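Inspection log for the structure reproduced underneath, given as structure tokens.
On a predicted model such as this, the values are computed, not experimentally measured, just so you know. Side-chain atoms are counted along with the backbone in the values below, which use heavy atoms only and exclude waters and symmetry mates. Whatever order the structure lists them in is the order used to number ligands and atoms, beginning at 1.
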Amino acid sequence: MEWKTLDDAVVVLTGGTSGVGRAAAARFGELGAEVVLVGRDRERGVATLETVRERGGDGVFVRADLGDPDAVRALAGEVADRYDRVDVLALNAALSLPEREVVELPGGPVERVFLVNHLSPYLLTHELSGLLDAGVPSRVVVTSSRVHRRGELRLDDPTLAEEYDALGAYARSKLANVLFSTELATRLPDDVTTLAYHPGFVPTSGLYRETSGAFGLAVRVAGLVGVGRSVEQAGEDLVFAAGAPELTTESGAYLVGREVEPPDSRVGNDALRRRLWDESARLLDLDPDWS
Ligand SMILES: NC(=O)c1ccc[n+]([C@@H]2O[C@H](COP(=O)([O-])OP(=O)(O)OC[C@H]3O[C@@H](n4cnc5c(N)ncnc54)[C@H](OP(=O)(O)O)[C@@H]3O)[C@@H](O)[C@H]2O)c1
């Protein structure tokens, strides 16, 4: 199957208002793509859309809080009203929260971090799967993190009785990202390539804005002295994952920057991936056999 260039591609990019996603949006613009920028901050969203247009692309900003499944459905509806296909779905938005926040879903309570970082990407993919089919060859890129290796799923802890730990909650969601993208690759048609990607340590993005203590200080110093990767480098790698022809045959792979690497060994566990898939559907009140 021959891959296509990204000029005129319809790209749905969550987390396009800050950090890695904002830099990726600018690069998608340079390539001439039509970018649906998703985020909560309207001012930054509109400013990023302006940059996309200055660079030669076009698109729209859609304000949506991925902590609300109804907002995710409304977002997908807006995409469907405007476009007849999606060529690239870049599931990049994520947050880390210092304290546990709990959201009630039809299937029970969940951590907000798990909802925003994993369940909403799952739901958005469900809602846009028809448009991805219409765009084939198409691509789904899930921004995960190397920290997924430290994640523990805890699907059997629905009452959230475990003590909260911010890094643990974030790592759990990032493990779910890789399990989801790998499972998605086994379920979607061959002409939809699905990839998970780790952008590297990007200290100057907004991800660490609420990080305090010694680690928060270390991140700020790292940003000042240029340790780690810039948002532009990480954004370019996201666009590489979205557009590189040679990745078409790598569906299900995990990328660190531009290199395919083995993810945590648990990602190879079919039963674990299916369990997360089914549990995600149950929490969102979806039929798990949607793909
Ligand atoms: N920075 C790193 O070192 C690093 C390392 C590994 C992986 N990553 C991953 O890279 C991706 C991008 O993060 P970043 O570093 O660029 O952080 P960032 O600057 O904080 O960007 C996060 C983006 O997610 C959006 N977002 C967060 N919560 C949302 C919600 N409830 N609803 C809608 N949008 C929401 C934000 O939009 P608003 O600001 O408009 O709300 C923002 O555009 C994430 O998946 C992260 O896990 C980052």
Side-chain angles (χ1 to χ4, degrees), residues 12-27 35-49 51 61-76 90-97 101 103 110-121 123-124 141-151 166-167 169-178 180-181 195-211 215-216 218-220 222-223 227-239 241 254-257 263:
V12 176
L13 170 64
T14 69
T17 52
S18 174
V20 177
R22 183 162 57 183
R27 180 71 188 130
V35 189
V36 181
L37 285 167
V38 183
R40 289 170 301 180
D41 190 301
R42 184 171 297 281
E43 207 174 309
R44 279 191 269 117
V46 169
T48 308
L49 181 60
T51 305
F61 168 67
V62 181
R63 192 187 174 283
D65 184 347
L66 303 181
D68 174 2
D70 287 341
V72 176
R73 291 190 173 93
L75 158 66
L91 300 162
N92 169 73
L95 49 66
S96 170
L97 292 174
E101 293 180 23
V103 181
V110 294
E111 283 174 347
R112 186 179 296 280
V113 170
F114 194 69
L115 173 59
V116 171
N117 296 7
H118 163 65
L119 291 173
S120 285
L123 177 60
L124 187 56
V141 179
V142 186
T143 310
S144 178
S145 168
R146 179 169 272 151
V147 106
H148 79 272
R149 297 181 190 282
R150 295 175 60 168
L167 179 58
Y170 177 72
R172 173 164 39 256
S173 72
K174 295 286 117 179
L175 173 61
N177 287 160
V178 191
F180 165 60
S181 80
L195 300 160
Y197 138 88
H198 167 60
F201 173 51
V202 189
T204 53
S205 83
L207 189 66
Y208 305 100
R209 57 169 89 87
E210 294 200 52
T211 308
F215 181 59
V219 170
R220 273 160 203 85
V227 170
R229 309 194 72 227
S230 68
V231 288
E232 287 77 17
Q233 287 169 326
E236 289 211 0
D237 286 353
L238 193 161
V239 177
Y254 168 69
L255 301 171
V256 173

(message) So for atom CZ, which belongs to Arg73, do other residues, nucleotides or ligands contribute more than 12 heavy atoms lying within a distance under 6.0 Å?
(response) yes
(request) Work out which heavy atom in Thr48 is nearest to a heavy atom in Thr17; give both atom names and the distance. (result) OG1-CA, 4.2 Å
(message) Just to verify, what does Val116 make a side-chain contact (heavy atoms from CB on, under 4.5 Å) with, not counting sequence neighbours?
(response) Leu66, Leu95, Arg112
(request) Run the salt-bridge test on Arg229 and Asp237 with the 4.0 Å N-O cut-off and return the result as yes or no. (result) yes
(request) Run the salt-bridge test on Glu111 and Arg172 with the 4.0 Å N-O cut-off and return the result as yes or no. (result) yes
(request) List, ordered by chain and residue number, the protein residues whose closest non-hydrogen atom lies under 4.0 Å from any atom of ligand 1. (result) Gly15, Gly16, Thr17, Ser18, Gly19, Val20, Gly39, Arg40, Asp41, Arg44, Ala64, Asp65, Leu66, Gly67, Asn92, Ala93, Ala94, Leu95, Val116, Thr143, Ser144, Ser145, Tyr170, Lys174, His198, Pro199, Gly200, Phe201, Val202, Ser205, Gly206, Leu207, Tyr208
(message) In the structure I gave you, are the side-chain heavy atoms of Tyr197 and Val256 within less than 4.5 Å of one another anywhere?
(response) no
